[in-house]
Amino acid sequence: MSQTPTKEQYKTALETVRKYEKRQRQLNALGEELSKKLQKFDQIKFDINKDVKEIIFTGLHKTKGKLMIGKSVCQRGDKYEPVIGKLIAVKKALNENVEDVVKLVESDVHTLILNGTISGITSDKINSRRCPNGC
């Protein structure tokens, strides 16, 4: 037998949907910006290392004729988002400011309350506890 959600549960779910949709709009806008930046290059390559959350961009600039390189690395506790990492790497290759993109990096740390103590734990730690040999 299914149970009807309470008004509070409904409001919480609605807020979650709003946050999700806002984040998707942000990521889509970043994807469009990335696409525009990549049009400045003839040849491009992304080397992505998900294990260390690192992206290295190399591209041959159309007008300068130079090989340009940029690198982005997530800090400990940052959530890995490929579009953000790629855009940061491309902007670094172009010697552009990345602060507007960096501020959109989300934390990958979840707060847990254990025996009255607040502690931070990354989703990697959570996943390794669930799947000690990997999933």
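Starting from 1, each residue takes its place in the sequence as its number.
- Taking both residues in full, the closest heavy atoms of Gly85 and Ser72 are given as O-OG, 2.8 Å, listed atom of the first, atom of the second, then distance.
- The main-chain N or O of Asn97 is found under 3.5 Å from a side-chain atom of Lys91 such that the two form a donor-acceptor pair.
- Of the inter-residue distances, the one linking Glu33 atom CD with Leu30 atom CG reads 6.5 Å to the nearest 0.5 angstrom.
- If you take CG on Leu87 and CG on Leu27, they are separated by 11.0 Å, rounding to the nearest 0.5 Å.
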Begin with the C-alpha distance, continue with both residues' side-chain angles, and end with the deciding distance and a verdict on salt bridge (charged side-chain N to carboxylate O under 4.0 Å, His left out) for Lys79 and Glu81. CA-CA 6 Å; Lys79 182 177 180 184; Glu81 293 277 2; 3.7 Å; yes
Assess the residue pair Arg18 and Glu21 against the criterion (salt bridge (charged side-chain N to carboxylate O under 4.0 Å, His left out)); give the C-alpha distance rounded to whole Å, side-chain angles, the decisive distance to 0.1 Å, and a yes or no. CA-CA 5 Å; Arg18 285 187 188 125; Glu21 290 174 344; over 6 Å; no
When you look at Lys22 and Glu106, which way does the salt bridge (charged side-chain N to carboxylate O under 4.0 Å, His left out) test go after all the steps? CA-CA 13 Å; Lys22 178 182 177 187; Glu106 291 183 335; over 6 Å; no
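- Without hydrogens or angle criteria, Ser35 side chain to Gly31 main chain gives no donor-acceptor distance under 3.5 Å.
- For Lys86 and Glu54, the salt-bridge test fails: no basic side-chain N is under 4.0 Å from an acidic carboxylate O.
- Residue Gln75 places its CD atom among 12 or fewer non-hydrogen atoms of other residues, nucleotides or ligands, all under 6.0 Å distant.
- Side-chain atoms of Lys36 and Leu38, non-hydrogen and from C-beta on, never get closer than 4.5 Å to each other.
- To the nearest 0.5 Å, atom CZ of residue Arg23 and atom CZ of residue Arg25 are 12.0 Å apart.
- When side chains are defined from C-beta on, Leu94 counts as touching Met68, because their heavy atoms get closer than 4.5 Å.
- Using a 4.0 Å cut-off between charged nitrogen and carboxylate oxygen, Lys45 and Asp47 count as a salt-bridge pair.
- Across all their heavy atoms, Val73 and Val52 have their closest contact at CG1-O, 4.1 Å.
- Atom CD1 of residue Ile44 and atom CD of residue Gln39 lie 10.5 Å apart, to the nearest 0.5 angstrom.
- When the shell of 6.0 Å around CD of Gln43 is examined, it contains 12 or fewer heavy atoms from other residues, nucleotides or ligands.
- The shortest distance between side-chain heavy atoms of Tyr10 and Thr4 does not fall below 4.5 Å.
- No chain of hydrophobic side-chain contacts below 4.5 Å, direct or via other Ile, Leu, Val, Met, Phe, Trp or Tyr residues, connects Ile56 to Ile88.
- Rounded to the nearest 0.5 Å, atoms CD1 (Ile84) and CG (Leu34) are 11.5 Å apart.
- Summarising the geometry, atom CG belonging to Leu67 is positioned 6.5 Å from atom CG belonging to Leu60; distances are rounded to the nearest 0.5 Å.
- Here the side chain of Lys92 pairs a donor or acceptor atom with the backbone of Lys71 at under 3.5 angstrom.
- Ring geometry for Phe46 versus Phe57: interplanar angle of 30 to 60°, hence tilted.
- By the 4.5 Å heavy-atom criterion applied to side chains, Tyr80 and Val105 are not counted as neighbours.
- More than 12 heavy atoms of other residues, nucleotides or ligands lie within 6.0 Å of NZ in Lys62, so this atom counts as buried by the packing criterion.
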